[in-house]
Amino acid sequence: MVHLRRRARGAEPAALLDVAVVVVGLALPCWVGVVEPLLHAEHASPLEQAVSLAYPLGDVLLLGLLVPLLGLPVGRSTSTRLLGASLGLMLVADVLYSSLSASTDVVEGAVNVVYMASYLTAGAAALHPSATADPAPVASRSGAVPGRRRAVGLAAALLVAPGVLALQLVSGARLSGWAVVVAAAAMALLVVTRLDRATAEVSSAARERESLVARVAHQASHDALTGLPSRARSLAALEVALHSQHAHPRADDRLVGLLRVDLDRFTQVNDRYGPGVGDEVLRGAADRLRALVRTDDHVGRLGADEFLVVLGRRTALELREVADLVVVALSAPLTAGDRDVAVGASVGAALACGRGTTADALLADGGVALARAKEGGRGRAVVVDTDLRRELEEQAAVEAALVHGLAAGELVLRYQPVHELAGGAVTGYEALVRWERPGVGLVPPDLFIPVAERSDLVCDLDRWVLEEATRQMAAWTAADPDAFAGRHVAVNLSGRHLARRVVVDHVAGALERSGLDPHQLVVEITETVLVDASTAGEHLAALRALGVRASIDDFGTGYTSVAQLRQLPADALKVDRSFVSGTAADTGLLALVVQAGQAAGLRVVAEGVEHVGQLAQLRALSCDEAQGYLLARPFAPEQVPGHGTARMSPGEREGEAAGQQVRVPHQGTSALPSRAGTGAGG
């Protein structure tokens, strides 16, 4: 019994029914063939009858317990089979013993042989290694559903009663009517109960399977962290919403809307507090977005720290209101563990216009609006409207023309000298890109540089400027080593370009092909690049390791404080023109920046010098270098060598001495702030 129980753990409910069916099925032949003859035997005492009946009936019970186990995987071991054979032999021997004792009062010696075989088989079952192995438990649910072998066994059990009755009719023996009736009824009830239980278990298993499939499908289509629908599911929801709009147009101006929501300072939060806090922030943001929208709206996660909100029919005004509400809701600190974290969000909103609007197009519009929101200072919402769409079309045209112009050689470089203020000597040149577009004329940098900066085109533009500027500076140096060996050429690099590892290869390749000394190349970047792109500092350090110098351009317009100057990976500091041309209050700031920069070991360069008074002020502050229209305008490459030994003109010195505020008239392009990859001069 211990052996049987160990091997049938967890299968008791179904096994008991199987045992009952087998016991009743075996008990009927035993009753008819053994019990009834013993009951009618006149020579047997009650004790002898009881003993003769107990053995075969006990064997039937044990065999009934074992037979269902043989249908289980763990029951098909050698020891279990041997045990079944032993019980079967025991039953045969006991039946023969009871039958012979009832009819002849003599037990034949052959019966003992069967008993001995049974004992030997039982011993072999106990000694076999599989008897002591601890099998894996069999789930009751698995044993509850009858397989083909069990179905055959149940069918055979049902045929026992009519089979016994048929044998008695054929042999002419006395019919065991009540025994057959009782056994047939009992087996019928047991088999029906067994099948009912099996049917219930099948139904339960089917429900569990459906539930599991639903859970797997939900996990596959939803974000595990926030519980929001995944990107694929969200795009599908957008497709469904647009299809519904196209299939059921309405007379009002309510259309499907879309919000692309991006957390502004999530990267900094993740880096400072760790991914655990970052996960809490994402969950908190998801909860707030769900609370803001209607039940028929859809909130999903596009990836990283960006969410997608698909809005049901809304007007343009309602779209704007929801976008603003999202900005306000996410500007409040989010609780993450035991701290409140402020991240903020930028939102790009778009409204489906017309039957031709696709999910990809609407998503792209939202992306453009989101980029504009971030460019405008973050923590704001931008809605794609008619004006913005027209602007996007114009920008696309400019970008296509710029790609063509870059390949066709329509871009040129102009070089603006940088002067040392102490003696007026030229220390270097800033390379400024210009576009001489056929049929249009000179295109101002502020019309095509921002377009390039919104795509990878700015990287191609930067690379072209690097190649051309290093080649030109190497040519000047080779032609006049005495004048140019100590000078440099400055090239602006965009933040998008500097954030990519390939920028190091581009700079190294340009230096190698031109043969220029790396020390003669200065790369200029804006201070905001070091904050916005986490890899920019690493790549800038790699460039400096090549021998290239670095300059922080437009200092004072970004995030860097004066106290952080010592940590900047740079050799020079270019003070933004707003400090040079500012008010009296800005003059104090200019003095502070100049002194702090020099104290940090940086050379300080002032740009945008246009008046002799500004020049005098910079000299008084001991600023190192300056550039601007007062000192020199950007020159074509062939004009620069003629100014190789140039110093500030006598007229400039006389005007300075007389205290005149002489403004050099602008020619060509107006003075504009330098931009990444270009510069405009001034």
Side-chain angles (χ1 to χ4, degrees), residues 215 218-235 237-238 257-312 314 318-349 363 366-367 369-383 528 530-535 558-561 564:
R215 287 199 301 273
H218 182 274
Q219 292 173 359
S221 62
H222 286 71
D223 174 51
L225 177 63
T226 62
L228 294 176
S230 64
R231 179 186 182 91
R233 181 70 177 269
S234 297
L235 294 181
L238 179 58
L258 172 146
L259 302 180
R260 291 186 65 166
V261 182
D262 188 83
L263 302 184
D264 288 334
R265 291 177 292 277
F266 179 75
T267 301
Q268 290 89 326
V269 169
N270 230 14
D271 293 342
R272 180 177 180 182
Y273 300 114
V277 172
D279 291 347
E280 290 293 330
V281 167
L282 289 173
R283 280 191 283 265
D287 291 340
R288 289 191 184 178
L289 288 174
R290 275 189 289 243
L292 278 175
V293 300
R294 301 186 312 213
T295 56
D296 60 335
D297 296 329
H298 175 96
V299 180
R301 185 182 178 194
L302 283 181
D305 58 343
E306 186 176 354
F307 301 89
L308 176 68
V309 182
V310 180
L311 302 173
R314 297 289 209 285
E318 290 171 339
L319 179 69
R320 162 64 71 178
E321 290 174 347
V322 176
D324 290 338
L325 284 174
V326 169
V327 172
V328 172
L330 295 181
S331 64
L334 291 161
T335 301
D338 57 350
R339 58 169 53 88
D340 290 336
V341 181
V343 289
S346 299
V347 178
L363 192 68
L370 177 60
R372 289 300 177 89
K374 286 186 169 294
E375 290 171 5
R378 305 185 181 185
R380 58 196 294 263
V382 172
V383 179
T528 55
L530 298 176
V531 176
D532 294 342
S534 58
T535 57
Y559 311 128
T560 308
S561 67
Q564 294 174 299

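Hydrogens, waters and symmetry mates are skipped; everything else that's a heavy atom, side chains included, is used.
Taking 4.5 Å as the limit, some side-chain heavy atom of Arg288 sits within range of a side-chain heavy atom of Leu334.
Between Ser221 atom OG and Leu228 atom CG the span is 11.5 Å, to the nearest 0.5 Å. Remark: Leu330 CG to Leu263 CG distance equals 6.5 Å, nearest 0.5 Å. Here the straight-line distance linking atom CG of Asp305 with atom CG of Asn270 works out to 9.0 Å at 0.5 Å rounding.
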Could you go through residues 273-286 and list every donor-acceptor pair under 3.5 Å that involves a side-chain atom there, pairing it with any protein atom two or more places apart or in another chain?
unit_1	atom_1	unit_2	atom_2	d
Glu280	OE2	Arg283	NH2	2.8

With a 3.5 Å cut-off and sequence neighbours excluded, list the donor-acceptor pairs that the side chains of residues 296-303 form with protein atoms.
unit_1	atom_1	unit_2	atom_2	d
Asp296	OD1	Arg294	NE	3.2
Asp297	OD1	Gly312	N	2.8
Asp297	OD1	Arg314	NH1	3.3
Asp297	OD2	Arg294	N	2.9
Asp297	OD2	Arg314	NH2	2.7
His298	NE2	Ser234	OG	3.1
Arg301	NE	Ala304	O	3.1
Arg301	NH1	Asp223	OD1	3.1
Arg301	NH1	Asp223	OD2	3.0
Arg301	NH2	Ala304	O	2.8

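Of all heavy-atom pairs between Asp264 and Gly379, the closest is OD2-N, 2.9 Å.
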>> If you apply the rule side-chain contact (heavy atoms from CB on, under 4.5 Å), what do you find for Leu235 with Leu363, and how did you get there?
In response: CA-CA 9 Å; Leu235 294 181; Leu363 192 68; 3.7 Å; yes
>> Leu289 vs Val326, test: side-chain contact (heavy atoms from CB on, under 4.5 Å). Steps then yes/no.
In response: CA-CA 7 Å; Leu289 288 174; Val326 169; 3.8 Å; yes
> Which is it for Leu311 and Val293 under the side-chain contact (heavy atoms from CB on, under 4.5 Å) test, yes or no, and what are the steps along the way?
Replying inline: CA-CA 8 Å; Leu311 302 173; Val293 300; 4.2 Å; yes
>> Does Leu259 form a side-chain contact (heavy atoms from CB on, under 4.5 Å) with Leu319? I'd like the steps, not just the answer.
In response: CA-CA 9 Å; Leu259 302 180; Leu319 179 69; 3.9 Å; yes
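Applying the 6.0 Å contact sphere to CZ of Arg265 captures more than 12 heavy atoms from other residues, nucleotides or ligands. Atom CZ of Arg272 has 12 or fewer neighbouring heavy atoms from other residues, nucleotides or ligands inside a 6.0 Å radius.
There is no side-chain donor-acceptor pair under 3.5 Å between Ser346 and Asp262.
At distances below 3.5 Å, at least one donor-acceptor pair connects side-chain atoms of Arg320 with backbone N or O atoms of Ala381. Judged purely by atom type and a 3.5 angstrom limit, Arg260 has no side-chain atom pairing as donor or acceptor with the backbone of Val309.
Listed by chain and number, the residues in a side-chain contact (heavy atoms from CB on, under 4.5 Å) with Asp287 are Arg290 (sequence neighbours excluded).
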